[in-house]
Amino acid sequence: MKYFLLISIITALGTMPVSAQQGVKPPNLVKKAEPDYAGLTSGYAVDFTPVAMVIDSHGVPFSLEAKSGSLPDVVVQALAGWRYEPATQDGKATAFLVNLIVPVRRVIDERRAHSFMHRGTSLTQELKSEMDSGAALDADGARKLEEQVKSNPEDLGARSSLLACYAAECGGMDAAERSRARLQHISWLAENHPDSGVLGTRAAMINVNDGPLPDAAGYQKVRQIWLDQLAKEKNQPQVLVNAVNFLRLGDFAKTEALALAARGHHPSSQIWLGNLYGLAVLGVTGIDLQSGLPAAAKPYVEFTSRARVMLAQTSDAKVLLSALSTITAGARTLQAAGQLPPGYSTVCEKMLERARTFYAAVSETCAVSPPVPEPQRSTNPSVRPSVLIPSTIRVGGTVMGAKIRKQPKPSYPDAAKIMNFQGRVRFSATIGKQGKVEDLELLSGAFVLYESARDAVRRWEYQPTTLNGDPVEVTTVIDVNYQLSN
């Protein structure tokens with residue numbers, strides 16, 4: 001898509017957009033339009049969306065590409081109204097590619113609020129299968145798999161299974177033996193395959209002093225590996241995810257710095273920050289390696305005061321709601337373990353009251369009694385207990401294309417014809433339970449084609465999609481191609 005769009009831009013502009021380099025003077029923003037949110041002043045969360053925008057040689061925005069996420073119409077219209085003093089190359093006006101971080105307001109609903117819960121990395125089907133089989137191993141099965149790894153160190157599937165096994169206690173295997181073995185696998189993977197999916201799960205975390213399998217020296221060893229990897233792999237999203245997953249329990253300050261720096265570059269950065277502050281407020285010092293819920297806490301840790309201040313001051317709904325879900329879920333398990341910090345109820349109720357100013361239907365509660373049962377043991381150490389929410393499924397564009405029943409064709413804009421411009425507009429769309437397009441946001445495309453494509457797609461209709469016999473909403477990607485005849 002990126003190359004297709006770039007070729008179209010070059011054809012339309014007659015020159016390749018340049019970025020900052022020797023001999024090039026970047027464009028200077030002289031007019032900035034703000035999105036019209038029509039009174040959306042509360043009850044919303046902000047997504048910080050990275051966007052690449054091409055500015056033509058007249059200083060007018062030409063095209064957009066959301067590098068992650070998508071852009072609602074009000075944001076696209078606002079960006080179309082920006083104006084620049086054109087970039088120059090060797091004194092001549094030229095097209096220019098600028099990178100922006102665009103704050104996007106979105107109304108909070110039940111599904112969206114639920115998405116602010118910290119869940120760790122998502123698993124591929126292959127990794128899930130490896131970890132499920134590992135969690136079912138006994139001590140003899142684990143030792144056989146260790147021999148397999150010795151003969152083939154690059155057997156990442158076997159290492160994933162072993163980490164799941166050790167988190168699930170491997171049928172009573174000795175704790176010291178499990179601790180030594182898991183340190184070896186975690187450190188090897190962090191050094192050699194820092195982007196491995198299993199490193200983003202609870203099975204790859206090390207408790208420092210409290211909780212199951214504490215290992216202070218092992219934590220410090222792996223911590224340094226992650227710091228070295230972050231210095232080398234700054235642009236690898238999965239490496240960042242895995243590093244944050246490991247550091248968030250034993251190094252609050254470093255994790256906060258990573259989450260703040262990632263805002264606008266990784267969509268989960270605000271959720272990481274809220275989870276971190278929630279853990280610090282509770283004084284969590286150890287987690288259950290299977291459920292991911294707190295297993296040990298102290299009345300106060302070094303970062304507790306800062307976390308409370310930041311949550312009292314933040315205007316970021318994602319951060320606050322993520323912290324609240326971490327605190328309320330963690331408090332129940334800590335209460336059952338007799339380690340709930342004093343003053344919890346006062347702190348929680350203040351947070352809950354503040355959270356309701358962002359989202360009145362907050363489902364969390366500060367109640368911690370009656371005590372919850374022992375956390376359910378899961379064969380998947382990356383999954384935490386969660387509530388059910390209304391179903392929305394993601395379906396590929398090809399599949400949805402076959403289900404379309406009404407498809408008005410977009411008109412070819414006169415301005416694009418004059419420019420002899422061909423291209424593609426890509427949307428993220430939500431198809432409602434009745435088969436109508438209920439939400440449409442831009443992923444990439446040129447402004448000259450955008451409105452024509454948007455107006456046509458809004459009128460498309462699909463056969464309703466069902467899951468287990470019930471109608472469900474569908475999210476999909478829609479491409480609208482514009483091609484001139486001879």
Side-chain angles (χ1 to χ4, degrees), residues 118-208 211-215 218-219 221-222 225-226 238-239 241-250 275 286-296 333 374-386:
H118 185 275
R119 296 182 185 80
T121 192
S122 58
L123 302 184
T124 64
Q125 188 59 44
E126 181 181 11
L127 178 56
K128 181 181 184 303
S129 176
E130 292 164 353
M131 298 188 73
D132 285 347
S133 64
L137 287 172
D138 58 16
D140 288 337
R143 293 188 180 102
K144 289 178 182 178
L145 213 54
E146 287 286 1
E147 291 299 321
Q148 185 174 319
V149 171
K150 285 182 181 178
S151 62
N152 179 17
E154 291 291 331
D155 190 340
L156 304 188
R159 291 185 187 271
S160 297
S161 294
L162 285 166
L163 285 177
C165 171
Y166 298 142
E169 301 181 10
C170 279
M173 192 174 181
D174 177 73
E177 183 181 358
R178 286 190 291 131
S179 187
R180 288 192 298 271
R182 71 192 305 269
L183 173 61
Q184 181 182 15
H185 290 297
I186 293 170
S187 57
W188 188 92
L189 285 166
E191 283 186 310
N192 297 281
H193 295 276
D195 59 348
S196 174
V198 71
L199 292 174
T201 71
R202 280 87 174 178
M205 295 180 69
I206 296 178
N207 286 316
V208 184
L213 304 180
D215 185 356
Y219 177 89
K221 176 184 177 180
V222 180
I225 294 173
W226 279 122
Q238 189 61 46
V239 173
V241 169
N242 294 346
V244 167
N245 179 63
F246 182 85
L247 296 169
R248 64 189 167 95
L249 190 60
N275 173 253
I287 66 160
D288 184 290
L289 296 174
Q290 294 180 77
S291 69
L293 294 170
T333 61
E374 179 74 14
Q376 183 178 2
R377 299 290 175 173
S378 169
T379 59
N380 185 343
S382 74
V383 174
R384 57 168 288 173
S386 61

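Numbers here are sequence positions counted from 1.
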Tell me if the CD atom of E126 is crowded by more than 12 foreign heavy atoms within 6.0 Å. no
Is there a donor-acceptor pair under 3.5 Å between the side chain of N245 and the backbone N or O of M205? no
Please check this pair: side chain of S129 against backbone of Q125, looking for a donor-acceptor N/O pair closer than 3.5 Å. no
Are any non-hydrogen side-chain atoms of Y219 and L183 less than 4.5 angstrom apart? no
Heavy-atom closest pair, residues P194 and N192: CD-C, 3.6 Å
Under 3.5 Å, side chain of T333 to main-chain N/O of P294, donor-acceptor pair present? yes
Expected output: side-chain R202 to main-chain L293 donor-acceptor under 3.5 Å: no
Those residues that, when tested against P214, pass side chain to side chain contact (heavy atoms under 4.5 Å, CB included) (two or more places apart): none
Check whether any side-chain heavy atom of T201 sits under 4.5 Å from a side-chain heavy atom of L163, and report yes or no. no
Using side-chain contact (heavy atoms from CB on, under 4.5 Å), reason through E130 and R159 one step at a time and then give a plain yes or no. CA-CA 9 Å; E130 292 164 353; R159 291 185 187 271; over 6 Å; no
Do Q238 and N242 have side-chain N/O donor and acceptor atoms under 3.5 Å apart? yes
Quick one: do L249 and V208 satisfy side-chain contact (heavy atoms from CB on, under 4.5 Å)? Show the steps, please. CA-CA 8 Å; L249 190 60; V208 184; 5.9 Å; no
Below 4.5 Å, heavy atoms only, C-beta onward: do N207 and L289 meet side chain to side chain? yes
Is any side-chain heavy atom of Y166 closer than 4.5 Å to one of M173? yes
Which value, rounded to the nearest 0.5 Å, describes the distance between L162 atom CG and L145 atom CG? 4.0 Å
Measure the acute angle between the ring planes of H193 and W188, then classify it against the limits of 30° and 60° as parallel, tilted or perpendicular. tilted
Thinking salt bridges, do K150 and E147 make one under a 4.0 Å N-O criterion? yes
Can any side-chain N or O of T124 pair as donor or acceptor with the backbone N or O of L127 at less than 3.5 Å? yes
Would you say that I206 contacts R182 through its side chain, given a criterion of any heavy-atom pair below 4.5 Å between the two side chains? yes
Measuring from D195:CG to L189:CG, what's the distance to the nearest 0.5 Å? 10.0 Å
